[in-house]
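Residue numbering restarts at 1 for every chain, and letters A, B, ... go by the order of the sequence lines. Just so you know, these numbers use all the heavy atoms, side chains as well, and skip hydrogens, waters and symmetry mates.
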There are 2 protein chains.
Amino acid sequence: MSFEFKDLSERKKLILQAIIDAHISGGEPVGSKYLTQNLPISISSATIRNEMAELEEMGLLEQPHTSAGRVPSEYGYRFYVNSLMKGYEMTMKEIDELNRLTKSKQEKLDHILESAAKLMGNMTNYTALAFKGNTPTTVVTQFKTMRMGVGKFLLVMMTSDENVQTKVINHGFEVTDEALSRLEAVLNKYLCNVDLEQVTLSLISEMERAVGLEAASLINPIVKGVYDVINQNAMGELKFQGVDRLLQYPEFSDIGRFRGLLGAIEKKDDILDIVSHSKKDEINVYIGSENSVDVMNNSTLIFRTITQGDKVVGAIGVIGPCRMDYSKVIATVDYLSRNIQQMMDNDKLLPDKESEDKK
Amino acid sequence: MSFEFKDLSERKKLILQAIIDAHISGGEPVGSKYLTQNLPISISSATIRNEMAELEEMGLLEQPHTSAGRVPSEYGYRFYVNSLMKGYEMTMKEIDELNRLTKSKQEKLDHILESAAKLMGNMTNYTALAFKGNTPTTVVTQFKTMRMGVGKFLLVMMTSDENVQTKVINHGFEVTDEALSRLEAVLNKYLCNVDLEQVTLSLISEMERAVGLEAASLINPIVKGVYDVINQNAMGELKFQGVDRLLQYPEFSDIGRFRGLLGAIEKKDDILDIVSHSKKDEINVYIGSENSVDVMNNSTLIFRTITQGDKVVGAIGVIGPCRMDYSKVIATVDYLSRNIQQMMDNDKLLPDKESEDKK
DNA sequence: GATTAGCACTTAAAGCGTTTGAGTGCTAAA
DNA sequence: TTTAGCACTCAAACGCTTTAAGTGCTAATC
């Protein structure tokens, strides 16, 4: 999907850039007359028309109809993003806003991601997305039981992705302390670091034997609980913020088109799929039909993943029309995701963050 | 906000009902000619016109313009819902679908509510909402600590609404077992059943003294953790499903109007406000401007709360245009919410559900 | 050979008057 | 009280014209 356009004359580049810049900010097709007054070089409209015709032939521009100006094609945007676009200079105000967030030292990654996405959405005026990943191959690394009052106890499970999950187990009858700690020992012996596929019926009956008559009936619901914990969010969580902003762009004034996109945003799985198959540690830009979800053909998706080691633990980005302020969006996503990445990396070096800022 | 229309002649009722039924299913204004052929009684179009003029004078009907038919006003819908509407007879297929859900014995209330809402949305073709409430005045009833590996431990908090929350505490230094159990005891002594407002600085330093030097630095992050746990979701959670369905109704083809509604759905707090101030144990129907959110003036909100004792623990419902199939929606919401309510009530009687279905 | 002025051509969008048709309100008769 | 009949209203559809922005092409110019 990578295109090489090395054979573009300097002048064509200038013209293409001017067209795209003008179209991004104005939304209207751009004509030759406008360009005569908005190019660093001074050439006549006729020359510009000739150049534009050639750019169109190359697939970089499109014409809504014969008597309209030119509009960038998807390839045009792609070329712009790859080799034309000038880096966006963030204003002090913007940097301030972004820094305020990353300095706020929230603790949970998903909270950070969500507020980062929200901020990004506000600043760029597109819809923000925050992805919170989850290791697909989780196992429980440690079980604990904890009496909780009459007739129930709490099962605490630590998982290999360093999360803690709990589940209340109601048993109608009394369980002695010994039975409970035997149960804990059995769980730790048989189910720790065990993949779900390895849990067979015979293993379960072995556990039931090992745990003794008193608590045998608890094994089954517990195994089910483990199953739920591991399978929950196997695909990760994807949240959006500011979907209503899309409606301000004329490209979504077609209700049918917008409905499709809204559906994809609600269903999540298509976008989740794109995000989870993306490249790590770099900005991902999917312009129009570059993503395979046909209902997103008129949308652009820009995001960057956050990794921990070589695991993708999250992503933030925006979604908007193809006519997007790429320069600003990419700069913002980049800055913010890098900072969050850095926070992640630092956290690893300083695992005692919490005790540190006690004072 | 309650209106009495006892002085409506039987014929007027017939006409009004026919108009509303026709408009709900067809979406178009209803004229006198159509009614001559779709009324149980046979009267001329002129008579119908006279009656319609009077119904309009009473505020039950409206005319988009002089030469159009009549459309129900909000009061018209209100009257319809209160005293005109015929009960909807659910088909076997629908009852089956609903029963399949309530028999599936999911465990967590929010899961049940969400799938119920989803099903309701599918069946009625409007947008579903699921509300998971939260006791506003939660306190922690029990603390447990649990060593978790090197340099960190798990703080388990049971709250008065019978939830369990956990928080990983990273302390860079080693903490002895004695210190940890002393910490646990101190927490249970000072913070159990304590309202957040009662946690003063002097209480904190008292705790720091009581827990001893070794673990004193942990008190502060823990208190912060307690604060987070209690404040989290103080308002409850509100989820929507099938927002894109709204776009199929012509009343939302005005993009500006829909954008407003979409914004309210995303922001959630307005709708949350309505839901949390609603009447318990009955179907709540907010037609158009009956709710105070002006961006929802063209929408109707129908839901019913789920209670536990006298606490509202959830709600399910739908949101759609004022021109809604009230009869069907109300029947569906009612059936489903009652069944969920029953599940709640039964669960209370049989707390050992889980051990029961082990076989 | 590249550039440009000039001009005929194209086309969506806007404007405007007409027609259509559904539906009404009112009057007068039943 | 009901109804037939009729004049009236108005949005929507239709068709026609105008407008304006912008093009492609040709021939002249640099």
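One interatomic measurement links the two molecules: NZ of B:Lys12 to P of D:dT1, which rounds to 11 Å at whole-angstrom precision. Across the protein-nucleic acid pair, B:Leu61 atom CG and C:dG23 atom P stand 15 Å apart, rounded to whole Å. Rounded to whole angstrom, the span from the CD atom of B:Glu51 across to the P atom of C:dT24 amounts to 13 Å. Here the C1' atom of nucleotide D:dT2 and the CD1 atom of B:Ile15 are 13 Å apart, to the nearest Å. Atom-to-atom, CG of A:Leu55 to C1' of D:dT23 comes out at 15 Å; the value is rounded to the nearest Å. In this entry the distance linking CD1 of B:Ile48 with P of C:dT24 reads 9 Å, nearest Å. Rounded to whole angstrom, the span from the NE2 atom of A:His65 across to the C1' atom of C:dA12 amounts to 5 Å.
Near-neighbour residues of DNA chain D inside residues 17-38 of chain B, defined by a heavy atom below 4.0 Å, are absent.
With hydrogens and angles left out, the side-chain atoms of B:Ser32 and B:Arg49 include a donor and acceptor closer than 3.5 Å. With no hydrogens or angles considered, a side-chain donor-acceptor pair links B:Gln248 and B:Asn125 at under 3.5 Å.
Every side-chain contact (heavy atoms from CB on, under 4.5 Å) that A:Gln63 has, sequence neighbours left out, goes to A:Glu56, A:Arg70. Residues meeting the salt bridge (Lys or Arg N to Asp or Glu O under 4.0 Å) test with B:Arg11, sequence neighbours left out: B:Glu51. Residues that satisfy the side-chain contact (heavy atoms from CB on, under 4.5 Å) test with A:Gln17, not counting sequence neighbours, are A:Asp21, A:Leu84, A:Lys86. For B:His277, the side-chain contact (heavy atoms from CB on, under 4.5 Å) partners two or more places apart in sequence, or in a different chain, are B:Asp273.
Here A:Ser44 reaches the OP1 or OP2 of C:dT4: one of its side-chain N or O atoms lies under 4.0 Å away.
Taking the six-membered ring for Trp, B:Phe131 and B:Phe303 have ring centres at least 6.0 Å apart.
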Could you go over nucleotides 25-30 of chain C and give all protein N or O partners under 3.5 Å, atom names and distances?
{"residue": "C:dG25", "atom": "OP1", "partner": "B:Arg70", "partner atom": "NH2", "Å": "2.9"}
{"residue": "C:dG25", "atom": "N7", "partner": "B:Arg49", "partner atom": "NE", "Å": "3.1"}
{"residue": "C:dG25", "atom": "O6", "partner": "B:Arg49", "partner atom": "NH2", "Å": "3.1"}

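A salt bridge does not link B:Arg257 to B:Glu251: none of the charged nitrogens lies less than 4.0 Å from a carboxylate oxygen.
No side-chain heavy atom of B:Tyr88 sits less than 4.5 Å from a side-chain heavy atom of B:Val329.
Candidate nucleotides D:dA21, C:dT3, C:dG23 were compared by shortest atom distance to the side chain of A:Ser67, and D:dA21 ranks first.
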